[in-house]
Asker: 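A single structure is presented below for examination.
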Amino acid sequence: MFAEFKPVFETEYFNLEAAPEEPCRGNGPYYRMTGPDSVICCVLDQDDRFVMVRQYRPNLETVTLEIPAGGIERGESPLVAARREILEETGLRCPLLPLGKSFSLMMNRTSIMDHLFFGMFPERTPHFVPEPGTEIVLVPRCDLLQFALRGEFLQIAGLGLLQLAGGILQLDLWRSSLREVGERFCRAPEVNWASSE
C-alpha cells in the first residue's frame, strides 16, 4: 500500500509529490505529478482538415504541431473546458463527441486524467485573436498519419484519440470519406450540439 504522499514542489500548473519509499520495492522515495485534469480535442473541419496549433514547447525545445488541449479549471466540467480550449486556441465552436470517461497518459508517474473529445462542423467566432506564440494550422486528414510517421506530429494522445473516435463511430477515421465520417458523427447519440453548457 502507498504511504501518504506529501508535496515537495508546487507550481501553478502541477505539483510534485513524494511517498517515503516506492511501494513493493523499498528503494527510496516514489514521486508522482499531480494537477488539474485536462482535455484533448480533435476538430475536423468541413474541408476534411484537422484544426491544429503550432507552438513552441520549452520542455521539448522545439515547435510542435498539436491538437487543442489544456487544463480543466476549477469548477469546470470536461465538456465546458473542451469548448473553452478550442475557442481560446482556434477561435472555433463546434459540436463535440465525448470519447469515454477519462484516460491516463502516464499511469506510472501522474494522477492527471485526460478527457478526450472529437468535434466536427466548426464555426468561426468573430474577433478571434490567436494566443501569442501560436499559429493555427489546417492539416488535411489524409496527411496527418504521414506527419506522425515522419515525427512532425508527436502528440501520442492525439493519435489515440483518433483511433478511439473511429472505434466509437465504427469506421476507419484515416480512410473513410468525409461524408461517411460526418454522417456517423451526426448519428452518434453522445454528440453534444450545444455551443455552451
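Residue numbers run from 1 in the order of the sequence given. FYI, side chains are in, hydrogens and waters are out, and symmetry mates aren't considered; it's all heavy atoms of this structure. Computed from a prediction, not measured in an experiment: that's the story for all the values here.
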Asker: Could you tell me whether the side chain of Gln46 and the main chain of Pro122 form a donor-acceptor pair under 3.5 Å?
Answerer: yes

Asker: Measure from the side-chain N and O atoms of His115 to the backbone N and O of Ser38, and report whether any donor-acceptor pair falls under 3.5 Å.
Answerer: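 No; zero donor-acceptor contacts below 3.5 Å.
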
Asker: Please report the shortest heavy-atom distance between Thr11 and Phe9, naming the atom on each side.
Answerer: CG2-CE2, 3.2 Å

Asker: Can you tell me if Arg83 uses its side chain to pair, donor with acceptor, with the backbone of Cys94 under 3.5 Å?
Answerer: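 A pair under 3.5 Å: yes.
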
Asker: Hydrophobic clusters here meaning ILVMFWY residues chained together by side-chain heavy-atom distances under 4.5 Å, can you tell me if Leu171 and Phe50 are in one?
Answerer: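 Yes; Phe50 is reachable from Leu171 via cluster members.
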
Asker: Look at the side chain of Asp45 and the backbone N and O of Asp47, then say whether any donor-acceptor pair between them is shorter than 3.5 Å.
Answerer: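 Yes, Asp45 side chain to Asp47 backbone: donor-acceptor pair under 3.5 Å.
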
Asker: Check the angle between the aromatic planes of Trp193 and Phe121 and answer parallel, tilted or perpendicular using the 30° and 60° thresholds.
Answerer: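 Trp193 and Phe121: parallel rings.
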
Asker: Does Glu152 reach the main-chain N or O of Leu65 with its side chain, forming a donor-acceptor pair under 3.5 Å?
Answerer: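 Pair absent, no side-chain N/O of Glu152 close to backbone of Leu65.
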
Asker: When you measure from the side chain of Arg141 to the backbone N and O of Ser176, does any donor-acceptor pair fall under 3.5 Å?
Answerer: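 The answer is yes, because a donor-acceptor pair under 3.5 Å joins these two groups.
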
Asker: Do Leu44 and Trp174 share a hydrophobic cluster, counting only Ile, Leu, Val, Met, Phe, Trp and Tyr and linking them when any side-chain heavy atoms are less than 4.5 Å apart?
Answerer: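 Yes; tracing contacts between hydrophobic side chains, which count when under 4.5 Å, links both residues.
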
Asker: Looking at Thr125, is its backbone amide N or carbonyl O close enough to the side chain of Arg93 to form a donor-acceptor pair, meaning the two atoms are under 3.5 Å apart?
Answerer: no

Asker: Are Met52 and Leu97 connected in the hydrophobic side-chain network, where two residues link if heavy atoms are under 4.5 Å apart?
Answerer: yes

Asker: Between CD1 of Ile136 and CG of Leu92, what distance do you get to the nearest 0.5 Å?
Answerer: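 These two atoms lie 6.5 Å from each other.
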
Asker: Mark yes or no for whether Thr64, through its side chain, and Glu66, through its backbone, hold a donor-acceptor pair below 3.5 Å.
Answerer: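 No, Thr64 side chain to Glu66 backbone: no donor-acceptor pair under 3.5 Å.
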
Asker: Please tell me whether Leu162 and Leu164 are part of a single hydrophobic cluster in this structure, the criterion being side-chain heavy atoms less than 4.5 Å apart.
Answerer: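 Same hydrophobic cluster.
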
Asker: Should Phe147 and Leu154 be regarded as members of a common hydrophobic cluster, given that ILVMFWY residues are connected when their side-chain heavy atoms come within less than 4.5 Å of each other, either directly or indirectly?
Answerer: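 Each belongs to a different hydrophobic cluster.
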
Asker: For residues Leu87 and Phe128, determine if any side-chain heavy atom of one lies less than 4.5 Å from a side-chain heavy atom of the other.
Answerer: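 Not touching, per the 4.5 Å side-chain cut-off.
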
